Amino acid sequence: MSSTNRTVVVTGIGATTPLGGDAASTWEGLVAGKSGVKPLEQEWAAEQAVRIAAPVAVEPSEVIPRPQARRLDRSAQFALIAAQEAWKDAGFTGKAGDDGSVDPDRLGAVIASGIGGVTTLLDQYDVLKEKGVRRVSPHTVPMLMPNGPSANVGLAVGARAGVHTPVSACASGAEAIGYAIEMIRTGRADVVVAGGTEAAIHPLPIAAFGNMMAMSKNNDDPQGASRPFDTARDGFVLGEGAGVLVLESAEHAERRGARVYAEAVGQGISADSHDIVQPEPEGRGISHALQNLLDRTDLDPAEIVHVNAHATSTPAGDIAELKALRKVFGDDTDHMAVSGTKSMTGHLLGGAGGVESVAAVLALYHRVAPPTINVENLDPEAEANADIVRGEARKLPVEGRIAALNDSFGFGGHNVVLAFRTV
Amino acid sequence: MAATQEEIVAGLAEIVNEIAGIPVEDVQLDKSFTDDLDVDSLSMVEVVVAAEERFDVKIPDEDVKNLKTVGDATDYILKHQA
């Protein structure tokens, strides 16, 4: 515990996404190149400029009992489902301390979302206006607070080493995992349940993102709307769901004989200081984050064979990221299979870093890079900078130690790069 | 028309079932909301608001703390319903 540079590994994974209600079905969908995007059929959608989204494949009400669900924001429901899957997958049962496999004082939870309990806030405002003060739910505050998902996951597993919620828009989920890695590396915890969640498919966020010109308006072709790196890309498609990892010190995992998916090598973080929403077009801030990752870890660019790109399908952002990869990694970029999985899941905002970390870890574990779908005409600037996995999944090298990156960037100029590596 | 004791217990049972998921037959006069029926302090507010609406009665916040059991709530509603 005195060590401040402990090795961190991934021992559990969980997810609920537009492609499936768990990590296995999500992975299956990713490798098969399935799209989770659908037309919005709700009455409110008719007047929206954007009428497509990627809802979760399995409604949380099918999994969480109603009395529990009615006091959890949808984002907390997703987080709890993914966290419980990851917890069980890591070989834990019940709460920390129940079976002696982890000391609750050495267990943390770090779950982030970009927006927090936005549907609770808006729905309860409707209750206030329509039915009056007395009818506003007494559960509103714990449901809408951005730390709600983290707190509920912490309660479910019995975490006492610290429960945290970093917020950095669409980089939030990745920042949560980075924070968790540091908690373990520096000796604050032995095990941390970490990831991201988001539930924002509601008329207000859709109108707001739509009016920012950030979202695809390709309503006539929902499954083709999210098309990172394609010349016809016109914005992201809003997705929802959660992705969660169980991170653990290598020592602790070994002691209890846990299955190890991958090493969580570390993170590189930076800020653009350029614009509140526009990405810096040359990817300077992203380059800085990638360089920080190399400077702060023993990661060798030669071993990086896969990048789960942020690639939201916006005209400027997709290319800036690839320029940064080329700038920092040079010729090593040539052996990196770059995948834009938001082409299938849509953009889960604060959930993206969680789900895409699950995808990056499984890509290493199975040695397969999922595809970027809908790339019909590859943007020449993308082609010049990186090797995009298009159309179909691609096998990664079957032998030797290989590493993968998961990039996440958020409004506000937040850049977070996570690195995972086979063990 | 005022509700009878039986009707009030049945109504409270439906409310508690909706909020806490407890089977309606378990909601009996002698049951404590917090100890027996999984109704914590926040959910108790929900139970009270739902009961107010259903039985046309006002239950001020300062009286809620005295409603420990289903029997307490039933008596209160019997006495105060419009």
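In what follows, chains carry the letters A, B, and so on, assigned in the order in which the sequence lines appear, proteins first and then strands, with residues in each chain numbered from 1. These figures come from a predicted structure and were not determined experimentally.
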Give me the contact list for residues 27-44 of chain B versus chain A, heavy atoms only, anything under 4.5 Å, ordered by residue number.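 Near chain A, by residue number: Asp40(B), Leu42(B), Ser43(B).
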Would you mind listing every side-chain hydrogen bond (donor to acceptor under 3.5 Å, both in side chains) that reaches into residues 16-26 of chain A, with sequence neighbours excluded?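 For residues 16-26 of chain A: Thr17(A)-Thr26(A), Asp22(A)-Ser25(A).
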Just grab all the side-chain hydrogen bond (donor to acceptor under 3.5 Å, both in side chains) pairs involving residues 78-91 of chain A, residues at least two apart or on different chains.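 Those involving residues 78-91 of chain A are Asp89(A)-Arg259(A), Asp89(A)-Tyr261(A).
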Apply ring-ring contact (aromatic ring centres under 6.0 Å, His included) to Phe209(A) and list each qualifying residue two or more places apart in sequence or on a separate chain.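 So Phe209(A) forms a ring-ring contact (aromatic ring centres under 6.0 Å, His included) with Phe236(A).
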Heavy-atom pairs under 4.5 Å with chain A - which of Val49(B), Val45(B), Ile22(B) has more of them than the others?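 Most pairs with chain A among the choices: Val49(B).
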Is a side-chain N or O of Arg66(A) found less than 3.5 angstrom from the main chain of Glu18(B), in a donor-acceptor match?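 It does hold such a pair.
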So how far is it from Arg135(A) CZ to Glu46(B) CD, rounded to the nearest 0.5 Å?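 Spacing of CZ (Arg135(A)) from CD (Glu46(B)) equals 10.5 Å.
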Within 6.0 angstrom of [X] [atom1], more than 12 heavy atoms from elsewhere:
X         : atom1 : result
Glu25(B)  : CD    : yes
Glu62(B)  : CD    : yes
Lys129(A) : NZ    : yes

To check you understand the geometry: which heavy-atom pair defines the closest contact between Gly21(B) and Pro67(A), and what is its length?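 Scanning both residues completely, I find the closest heavy atoms to be CA-CG, 3.3 Å.
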Restricting to non-hydrogen atoms, name the atom on Arg134(A) and the atom on Asp61(B) that form the minimum distance, rounded to 0.1 Å.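 Minimum heavy-atom contact is NH1-OD1, 3.4 Å.
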